[in-house]
**Student:** 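Quick one: this structure, given as structure tokens, is what I'll be asking you about.
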Amino acid sequence: MTEHEIVAPSAWVVRWAALLTPGGRVLDVASGGGRHARYLAGLGHAVTALDRDPPQIPGVRCLGADLEDGSPWPLGEERFAGIVVSNYLHRPLFARLAGALAPGGLLIYETFMAGNERFGKPSNPAFLLRPGELWEAFPGLHIIAFEQGCARAPKPALRQRLCARRPPNG
């Protein structure tokens with residue numbers, strides 16, 4: 001099963017999406033096929049899906065951008081009530097993501113971690129978090145939940161997951 005064959009939203013995203021500001025603007029980073037963008041739009045959020053090759057989803061603002069080629073951040077100073085990142089890691093974006101959260105905004109992030117090479121791809125250390133790395137990557141945010149370890153669904157993998165909120169005062 002490849003990432004593009006996975007159409008259901010991740011259980012981690014579903015679990016924490018309830019904490020998003022109702023109807024708030026949400027950014028789906030590296031949106032892939034758009035499973036989270038569709039899910040969040042279905043909950044009534046104003047969603048922006050950002051990907052190198054963005055899907056076209058009715059009712060969702062879909063933007064194409066290569067986040068790794070050194071180009072400027074394509075969203076300027078826009079702020080979001082929520083940001084979702086799943087199965088994507090580009091460490092230079094950590095500060096940009098934290099900065100793109102509106103006061104009180106929620107970050108829902110999950111991706112692969114070191115040791116995942118036992119299960120297949122990704123196996124390149126550049127695309128695998130170190131133990132505890134997501135916890136440490138967003139020091140200005142209040143961590144609501146953090147997990148790391150073996151996940152069984154949608155396929156066996158080693159993952160880290162974070163749900164964190166930007167303080168309401170900035």
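All values reported here derive from a predicted model rather than from experimental measurement.
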**Student:** In Å, rounded to the nearest 0.5 Å, how long is the span from CD1 of Ile83 to CZ of Arg96?
**Tutor:** 10.5 Å
**Student:** Could you pull out the closest heavy-atom pair between Cys62 and Pro54, with the gap in Å?
**Tutor:** CB-CB, 4.1 Å
**Student:** Apply side chain to side chain contact (heavy atoms under 4.5 Å, CB included) to Asn87 and Arg159, showing your working.
**Tutor:** CA-CA 9 Å; Asn87 298 339; Arg159 297 183 153 287; 2.6 Å; yes
**Student:** Show me the donor-acceptor pairs, under 3.5 Å and distance only, between side chains in residues 100-114 and residues at least two apart or in other chains.
**Tutor:**
{"residue": "Tyr109", "atom": "OH", "partner": "Tyr88", "partner atom": "O", "Å": "3.0"}
{"residue": "Glu110", "atom": "OE1", "partner": "Arg161", "partner atom": "NE", "Å": "3.0"}
{"residue": "Glu110", "atom": "OE2", "partner": "Ser10", "partner atom": "OG", "Å": "2.4"}
{"residue": "Glu110", "atom": "OE2", "partner": "Ser86", "partner atom": "OG", "Å": "3.2"}
{"residue": "Thr111", "atom": "OG1", "partner": "Tyr88", "partner atom": "N", "Å": "3.2"}

**Student:** Considering all heavy atoms of both residues, which atom of Pro74 and which atom of Leu50 are nearest to each other, and what is their separation?
**Tutor:**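 Heavy atoms only, the tightest pair is CG-CD1, 3.9 Å.
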**Student:** What is the distance from atom CD of Glu117 to atom CZ of Phe127, rounded to the nearest 0.5 Å?
**Tutor:**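 Rounded to the nearest 0.5 Å, the CD-CZ separation comes to 13.5 Å.
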**Student:** Are Leu63 and Val60 connected, step by step, through hydrophobic side chains (Ile, Leu, Val, Met, Phe, Trp, Tyr) whose heavy atoms are closer than 4.5 Å?
**Tutor:** no
**Student:** Of all heavy-atom pairs between Trp12 and Ala145, which one has the smallest distance, and what is that distance?
**Tutor:** CH2-CB, 3.7 Å
**Student:** Return a table of donor-acceptor pairs under 3.5 angstrom between the side chains of residues 14-25 and protein atoms on other chains or two or more places apart.
**Tutor:**
{"residue": "Arg25", "atom": "NH1", "partner": "Arg79", "partner atom": "O", "Å": "2.8"}
{"residue": "Arg25", "atom": "NH2", "partner": "Glu78", "partner atom": "OE1", "Å": "2.4"}

**Student:** Which residues satisfy the ring pair (Phe, Tyr, Trp, His ring centres under 6.0 Å) test with Trp73, sequence neighbours excluded?
**Tutor:**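 Residues passing ring pair (Phe, Tyr, Trp, His ring centres under 6.0 Å) with Trp73: none at all.
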**Student:** Check whether any side-chain N or O of Asn116 sits under 3.5 Å from a backbone N or O of Ala157 as a donor-acceptor pair, and report yes or no.
**Tutor:** no
**Student:** Using 30° and 60° as the class limits, which term best fits the ring planes of Phe94 and Phe138: parallel, tilted or perpendicular?
**Tutor:** tilted
**Student:** I'd like to know if Val13 and Phe80 are part of one continuous hydrophobic network [Ile/Leu/Val/Met/Phe/Trp/Tyr, side-chain heavy atoms within less than 4.5 Å].
**Tutor:** no
**Student:** Taking all non-hydrogen atoms of both residues, which atom of Leu129 and which atom of Arg91 are closest, and how far apart?
**Tutor:** CA-NH2, 3.7 Å
**Student:** Work out which heavy atom in Gly34 is nearest to a heavy atom in Ile57; give both atom names and the distance.
**Tutor:**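 Here Gly34 and Ile57 meet closest at CA-CD1, 3.8 Å.
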**Student:** Working to the nearest 0.5 Å, report the span between CG of Asp53 and CG of Asp66.
**Tutor:** 11.0 Å
**Student:** Quick one: CD on Gln160 to CG on Leu89, what's the gap to the nearest 0.5 Å?
**Tutor:**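 Those atoms lie 9.5 Å apart.
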**Student:** First locate atom CH2 of Trp135, then atom CD of Gln148, and finally report the distance between them rounded to the nearest 0.5 Å.
**Tutor:** 10.0 Å
**Student:** Please enumerate all residues that pass ring pair (Phe, Tyr, Trp, His ring centres under 6.0 Å) together with Phe119, with sequence neighbours excluded.
**Tutor:** none
**Student:** With His36 as reference, evaluate Val47, Val29, Asp28, Val26 under the side-chain contact (heavy atoms from CB on, under 4.5 Å) test and give the passing residue.
**Tutor:**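 Single pass found, and it is Asp28.
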**Student:** Can you tell me how far CG of Leu75 sits from CG of Leu27, rounded to the nearest 0.5 angstrom?
**Tutor:** 6.0 Å
**Student:** Among residues at least two apart in sequence or on other chains, which ones pass side-chain hydrogen bond (donor to acceptor under 3.5 Å, both in side chains) with Asp69?
**Tutor:**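 Testing Asp69 for side-chain hydrogen bond (donor to acceptor under 3.5 Å, both in side chains), a comparison that skips the adjacent residues, returns Ser71.
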**Student:** Check the hydrophobic clustering (I, L, V, M, F, W, Y; side-chain heavy atoms under 4.5 Å; chains of links allowed) and say if Val84 and Ile143 are grouped together.
**Tutor:**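 Val84 does not cluster with Ile143.
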**Student:** Work out which heavy atom in Arg35 is nearest to a heavy atom in Val7; give both atom names and the distance.
**Tutor:**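 Minimum heavy-atom contact is CB-O, 3.3 Å.
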**Student:** Provide the full list of side chain to side chain donor-acceptor pair (under 3.5 Å) pairs with a residue in residues 38-49, sequence neighbours left out, each pair given once.
**Tutor:**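 Qualifying pairs, neighbours excluded: Thr48-Arg61.
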